[in-house]
Amino acid sequence: MMAVLDNFLFVGLPYASLLIFLVGTIYRYKATKFNYSSLSSQFLEGGNLYWGSVPFHWGILFLFFGHLIAFVIPHSVLAFNSEPLRLLILEIVAFIFGLITLFGLIMLLARRISNPRLKPVTNWMDITIEGLLITEVILGILVAYTARWGSSWFAAVLTPYLYSIFLLQPDIAAVSAMPLLVKLHIIGAYLIFLLIPFSRLVHLLVVPLHYIWRPYQRVLWNWSRRKVRNPATDWTITKPENN
Amino acid sequence: MDVRAQVSMVFHLDKCIGCHTCSIACKNIWTDRKGAEYMWWNNVETKPGTGYPTKWEDQDIYKGGWQKKNGELKLRGAGKMRGLVNIFHNPHLPVIDDYYEPFTYKYLDLIESPAMNDQPTARPVSLITGKPIDIKMGPNWDDDLGGTPDYARNDPNLQGLTAAEQEAMFQLERMAFFYLPRICNHCLNPACVASCPSGAIYKRGEDGVVLINQDVCRAWRMCVTACPYKKSYFNWGTGKSEKCILCYPRLESGQAPACMHSCVGRIRYLGVMLYDADKIESTVAGSKNDQDLAQRQRDMLLDPFDPEVIQAAKENGVADSTLKAAQDSPVFKFVKLWGLALPLHAEFGTLPMLFYVPPLLPVMASLSEVDNDEHAKNMDPVAKHWNDNWLYDTSTEELWATIDKARLPLKYLANMFSCGDESKVKDVLKKLMAVRIYRRWKTVGDIDETKAMAVLNDVDLAPETIEDIYYLTSLAKFDDRFVIPAAHREQAIEMLEFTGDAKGSAGFGVTEKPRRGW
């Protein structure tokens with residue numbers, strides 16, 4: 001029975017959420033581009049947002065990239081951690097960022113619930129995501145506290161599992177033997193992943209980094225005026241940029 | 001020389017009566033929607049006053065516009081570095097209370113209230129929460145100098161005026177004000193475009209209208225901060241920024257924008273200006289001090305009669321119809337030919353293309369004794385006539401005394417229209433005065449010819465020019481005030497894949513409703 005459940009949660013669920021994530025985000029980008037963003041409520045309440053949004057975002061960015069690095073370059077992480085002092089520093093820093101993220105999330109939830117102005121711009125999915133994120137971060141903090149040196153055992157145990165998922169040869173032997181807290185943390189991550197296309201979280205896919213490289217001013221033409229007036233120009237099927 | 005065309009505007013403030021018809025016309029067409037109730041793409045402010053949003057001109061608060069740092073142009077409160085670092089919380093974003101909380105009244109209570117001892121009232125309710133509120137502010141809370149100690153005295157344009165000058169402005173019997181209608185300036189160096197991380201805001205090449213692509217806007221909120229005129233608004237319902245679109249669907253079909261079409265005082269003019277796009281950055285970045293920015297902007301605008309300009313424009317693909325519109329443009333006359341119209345707060349560095357003819361007001365009049373009875377005898381008996389013997393005399397012994405003795409200090413107007421340079425505003429006011437004196441000599445006849453000619457000589461304007469100014473100011477018909485170039489959509493459509501599906505893909509075919517599900 002446990003084996004069936006584990007198979008469902010650590011093989012079925014990741015593939016299901018990956019598929020739904022891919023299809024969902026692409027479909028939504030194509031079909032409903034208008035709401036492909038996070039509905040900012042700063043205009044309605046600007047003061048308390050600072051204490052929620054800023055710690056949450058920087059915290060989750062650090063934690064996300066921490067997990068990602070341990071996934072992409074596990075050997076380097078293990079090598080870095082071979083010095084106990086470095087391992088200690090990494091663990092403490094990551095733990096602090098976990099607390100910062102939790103603080104931000106709690107501030108965000110408190111703000112959203114307590115301010116009546118924010119009610120018209122809040123929907124049930126916002127609250128679901130908020131609750132899921134808080135649960136996930138609390139689980140992560142508990143894991144870090146109860147099952148220490150996660151930066152090392154993640155790279156040694158969970159990275160091979162995740163690789164096996166991506167290589168389409170799922171091997172859940174290691175993950176099945178994990179403590180319950182770790183399992184819940186993994187399941188929570190899959191659920192968040194699954195809900196990205198259905199929630200405001202899509203905004204993390206459209207982070208405007210291209211802003212760095214573009215010139216400040218943007219002028220768009222309906223057509224190239226030089227071209228259209230030149231009889232030598234071929235008839236073109238290029239669509240103008242702003243359509 | 002990169003010649004481009006810009007649909008630009010002149011507002012003649014002497015003619016504005018502050019009726020807000022423009023605001024209502026705009027509101028009814030564009031912003032009567034959820035999330036946009038508080039927006040006034042067109043609004044009319046009383047000056048002196050704090051405006052909408054409160055004290056928008058004070059960039060120490062709002063951090064809008066451009067500033068020079070080591071000879072380079074930088075956005076004051078946004079930009080690549082600052083914009084991306086502050087993306088999670090924009091510290092300079094105005095909130096709804098800086099504008100006002102939109103409200104309506106429960107009118108139905110007036111009708112459906114049960115019988116009571118007291119009159120039923122229609123309570124105000126917030127359009128955001130739907131709950132009853134105490135109204136704290138509205139878009140024109142300081143209209144006509146209402147609440148002066150709180151509003152007019154906090155006007156950012158009072159900077160640089162001595163305490164005595166400020167005091168004089170607010171003495172009860174000397175008080176004076178004028179109206180300042182504002183829409184998006186459709187700038188040549190727009191700060192909103194530069195600040196948009198998504199790249200949703202763009203300037204249309206053909207006519208220079210600045211627009212926000214609602215499908216690309218992702219609520220990073222930087223344009224609201226960057227626009228020093230606070231003319232980019234955040235729709236809290238859809239999470240998109242919105243702004244004046246200069247009624248481009250009307251422009252493209254040859255109609256004047258709604259605010260201009262409905263203008264009761266006929267203060268608004270719209271026409272094409274040609275400019276040299278190569279000079280945009282050097283014009284702003286190269287100014288030694290901000291005081292010469294208004295002049296430098298005027299210099300980069302081109303003369304549409306100059307053969308070299310025409311040649312360069314044609315090479316650049318500017319349509320002949322657009323060139324003709326530029327030659328007939330009332331804006332060209334007011335701004336470049338006569339030098340009567342000035343940009344508002346050119347020091348913000350965005351090169352605004354909405355120009356204002358500063359108000360020649362109010363003159364210090366004197367009373368003189370005349371015999372009105374003599375005159376009354378010649379009048380129709382039903383005509384209204386005053387049986388006193390006073391004449392409200394605005395003629396003057398010295399030529400320009402009324403300008404120096406104006407109730408609003410020149411410095412105040414200069415702070416708004418010429419970056420603090422009083423001589424520039426005085427220059428314009430003298431020309432406006434010259435037109436009045438000349439026309440008074442012609443029509444009333446109580447000024448003698450030598451004096452009228454001396455005035456003309458002083459401002460260096462020929463009588464024909466004066467007549468032209470008089471015509472365009474006072475008599476101009478609809479087609480004189482609005483010279484709208486053809487849009488040439490046919491050429492744009494030709495570039496598309498199938499001319500047959502143009503309706504679906506040429507910008508008309510929005511199928512998604514502006515609504516948020518999740």
Side-chain angles (χ1 to χ4, degrees), chain A residues 31-47 49-50 52-54 56-58 116-117 119-121 123-126 198-200 203 206-212 214-229 235-243, chain B residues 75 80 83-84 87-91 93-96 128-131 189-190 193-194 196-199 201-206 213-221 224 234 236-240 280 315-319 489 491-492 494-497 505-507 512-518:
Chain A
T32 62
K33 215 178 165 190
F34 183 80
N35 59 31
Y36 214 83
S37 66
S38 183
L39 176 54
S40 168
S41 57
Q42 196 191 345
F43 185 70
L44 296 175
E45 198 287 318
L49 178 68
Y50 178 85
S53 180
V54 174
F56 163 65
H57 276 100
W58 288 114
R117 270 191 190 169
K119 211 178 154 215
V121 290
N123 59 39
W124 59 271
M125 185 52 98
D126 294 342
F198 305 103
S199 68
R200 63 192 305 151
H203 76 275
V206 287
V207 174
L209 290 177
H210 58 284
Y211 182 42
I212 300 170
R214 80 165 166 88
Y216 268 134
Q217 295 300 352
R218 245 168 88 78
V219 179
L220 297 189
W221 304 88
N222 266 332
W223 69 96
S224 164
R225 298 161 308 158
R226 283 174 196 264
K227 256 194 201 165
V228 84
R229 298 187 130 233
W235 186 79
T236 171
I237 59 162
T238 317
K239 284 201 176 193
E241 219 183 318
N242 56 346
N243 270 303
Chain B
L75 287 165
K80 289 180 180 176
L84 290 178
I87 206 159
F88 306 132
H89 178 273
N90 178 358
L93 184 80
V95 293
I96 185 102
I128 298 175
T129 62
K131 304 249 161 52
N189 188 32
V193 176
C196 179
S198 305
I201 315 185
Y202 60 97
K203 192 170 178 66
R204 292 212 303 194
E206 287 78 14
N213 185 334
Q214 295 285 296
D215 271 354
V216 181
C217 171
R218 309 226 185 279
W220 307 122
R221 318 172 296 283
V224 184
F234 186 77
W236 55 265
T238 61
K240 308 280 167 177
I280 291 175
E315 275 169 19
N316 227 358
V318 177
R489 293 288 290 178
Q491 291 180 23
E494 202 171 87
M495 299 295 284
L496 299 177
E497 239 168 317
S505 53
E512 196 188 340
K513 287 192 173 150
R515 236 176 253 151
R516 303 196 63 108
W518 31 46

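Using a 4.5 Å cut-off between heavy atoms, B:Lys240 contacts chain A through its side chain alone, with no backbone atom that close. For B:Pro94, the part sitting under 4.5 Å from any heavy atom of chain A is the backbone (N, CA, C, O) and nothing else. Heavy atoms closer than 4.5 Å to chain B are found in the side chain of A:Val121, but not in its backbone. Of the two parts of A:Tyr36, the backbone and the side chain both hold a non-hydrogen atom closer than 4.5 Å to a non-hydrogen atom of chain B. Heavy-atom distances place both the backbone and the side chain of B:Ile128 under 4.5 Å from chain A.
Highest contact tally toward chain A, considering only B:Asn189, B:Ile201, B:Ile87, is held by B:Asn189 [criterion: heavy-atom pairs under 4.5 Å]. Options B:Thr238, B:Leu75, B:Asn90 differ in how many heavy-atom pairs under 4.5 Å they form with chain A, and the most are formed by B:Asn90. With respect to chain A, the highest number of heavy-atom pairs below 4.5 Å among B:Cys217, B:Pro197, B:Gly239 belongs to B:Pro197. Counting heavy-atom pairs closer than 4.5 Å to chain B, the top-ranked of the candidates A:Leu49, A:Val207, A:Leu44 is A:Leu44.
Remark: side-chain polar atoms of B:Asn316 are not paired, donor with acceptor, to backbone N or O of B:Val318 under 3.5 angstrom. At least one donor-acceptor pair closer than 3.5 Å links the side chain of B:His89 to the backbone N or O of A:Gly46. Judged by distance alone, with hydrogens and angles left aside, the side-chain atoms of B:Glu206 form no donor-acceptor pair with the main-chain N or O of A:Trp221 at under 3.5 Å. Remark: the backbone N or O of A:Glu45 is not paired with any side-chain donor or acceptor of A:Arg117 at under 3.5 angstrom.
Taking the six-membered ring where the residue is Trp, A:Trp58 and B:Phe88 present perpendicular rings, their angle passing 60° and hence far from 30°.
For the atom pair NZ of A:Lys119 and OG of A:Ser41, the computed distance is 15.5 Å after rounding to the nearest 0.5 Å. A distance of 11.0 Å separates CZ of A:Phe34 from CZ of B:Arg218, quoted to the nearest 0.5 Å.
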